[in-house]
Amino acid sequence: MNLENLIESLKRQEKNFSDLLETIKTKKEALLENDVAKLDKAVDSEQKLLHLIQKEEKERKRLTYVFATENSIELKNASIEELLNKMPQASGKLKSVRDSIKSKAAEIIKINSQLTVLVGVSRNLIRDTVTTLLGKGKKSIVNKRV
């Protein structure tokens with residue numbers, strides 16, 4: 001196995017992260033627009049992409065271990081960072097793809113934190129609205145008498 005197999009795996013992962021980033025942006029738009037159908041579609045797409053990312057990560061680790069073994073390099077956790085540290089001549093393209101993935105991951109984290117705040121504000125707004133309408137007592141929303 002050569003370094004190109006590992007780089008191809010990282011490129012597939014980079015594509016997965018790009019797609020995930022776009023899906024998360026779509027999810028954010030759907031939340032802001034209150035578009036439930038668009039949100040459902042984005043969540044489904046996000047779940048599929050997360051599965052692909054997990055699958056590709058397993059493959060990347062396997063390829064990293066195979067490459068390290070074939071080149072007599074001992075790795076503890078099969079990270080690209082560790083491989084680059086132990087084999088500096090393998091950098092270049094490997095490092096650029098890794099940096100691109102890191103950048104996309106950072107942007108995904110940023111948008112997810114914004115979504116967390118947005119959902120928290122929405123929950124508080126709903127709770128306050130229900131409390132305003134029903135009061136703080138334990139009144140039932142539906143009258144069960146027919």
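Residues L31 and V36 are members of separate hydrophobic clusters, defined by side-chain heavy-atom contacts under 4.5 angstrom among Ile, Leu, Val, Met, Phe, Trp and Tyr. Tracing side-chain contacts under 4.5 Å through hydrophobic residues (I, L, V, M, F, W, Y), one reaches I24 starting from L50; they form part of the same cluster. Criterion: ILVMFWY side-chain heavy atoms under 4.5 Å apart, direct or through other members. Under it, L118 and I108 are part of a common hydrophobic cluster.
Electrostatic pairing of K11 and E14 does not count as a salt bridge here, judged by no charged N lying under 4.0 Å from a carboxylate O. Between E82 and K76, no side-chain nitrogen of the basic residue sits less than 4.0 Å from a carboxylate oxygen of the acidic one, so the salt-bridge criterion is not met.
Taking the side chain as every heavy atom from C-beta outward, D35 and L39 never approach each other to under 4.5 Å. Taking the side chain as every heavy atom from C-beta outward, E74 and T69 never approach each other to under 4.5 Å. Considering only heavy atoms from C-beta on, E29 stays 4.5 Å or farther from L32 through its side chain. Residues E107 and K25 form a side-chain contact, since some pair of their non-hydrogen atoms from C-beta on lies under 4.5 Å apart. A 4.5 Å side-chain heavy-atom check between V119 and V121 finds every atom pair outside the cut-off. By the 4.5 Å heavy-atom criterion applied to side chains, I111 and L21 are counted as neighbours.
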Trace of the salt bridge (charged side-chain N to carboxylate O under 4.0 Å, His left out) decision for K48 with D44: CA-CA 6 Å; K48 289 174 186 171; D44 286 344; over 6 Å; no
Show your working on side-chain contact (heavy atoms from CB on, under 4.5 Å) between K104 and L20 and close with a plain yes or no. CA-CA 9 Å; K104 286 174 177 49; L20 181 61; over 6 Å; no
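Applying the salt bridge (charged side-chain N to carboxylate O under 4.0 Å, His left out) test between E56 and each of K15, R12, R62 identifies R12 as the sole match. Here the options are L10, I7, L6, the test is side chain to side chain contact (heavy atoms under 4.5 Å, CB included), and the partner is L63; only L6 passes.
With hydrogens and angles ignored, the 3.5 Å screen pairs no side-chain donor or acceptor of D40 with any backbone N or O of V43. Checking side-chain atoms of N77 against main-chain N and O of S79 turns up a donor-acceptor pair under 3.5 Å. In this structure, S96 contributes its side chain and K93 its backbone to a donor-acceptor pair below 3.5 Å. T132 contributes a side-chain N or O that, together with a main-chain N or O of D128, makes up a donor-acceptor pair within less than 3.5 Å.
How far CG of L52 is from CD of Q47: 12.5 Å, rounded to the nearest 0.5 Å. Atoms CD1 and CG, on I101 and D99 in that order, are 9.5 Å from each other to the nearest 0.5 Å. The CZ atom of F17 sits 10.5 Å away from atom CG of L49, with the distance rounded to the nearest 0.5 Å. With rounding to the nearest 0.5 Å, the separation of CG in L94 from CZ in F67 is 8.0 Å. Expressed to the nearest 0.5 Å, how far NZ of K28 lies from CG of N112 amounts to 10.5 Å. Note that OG of S72 is 12.0 Å distant from NZ of K86, once rounded to the nearest 0.5 Å.
A donor and an acceptor atom, one from each side chain of T23 and K27, are nowhere located under 3.5 Å apart. Using a 3.5 Å distance cut-off with no hydrogens or angles, the side chains of T64 and R60 do pair a donor with an acceptor. A side-chain N or O of N16 and one of Q13 form a donor-acceptor pair less than 3.5 Å apart.
More than 12 heavy atoms of other residues, nucleotides or ligands sit less than 6.0 Å from atom CZ of R127. Other residues, nucleotides and ligands contribute at most 12 non-hydrogen atoms within 6.0 Å of the NZ atom of K41.
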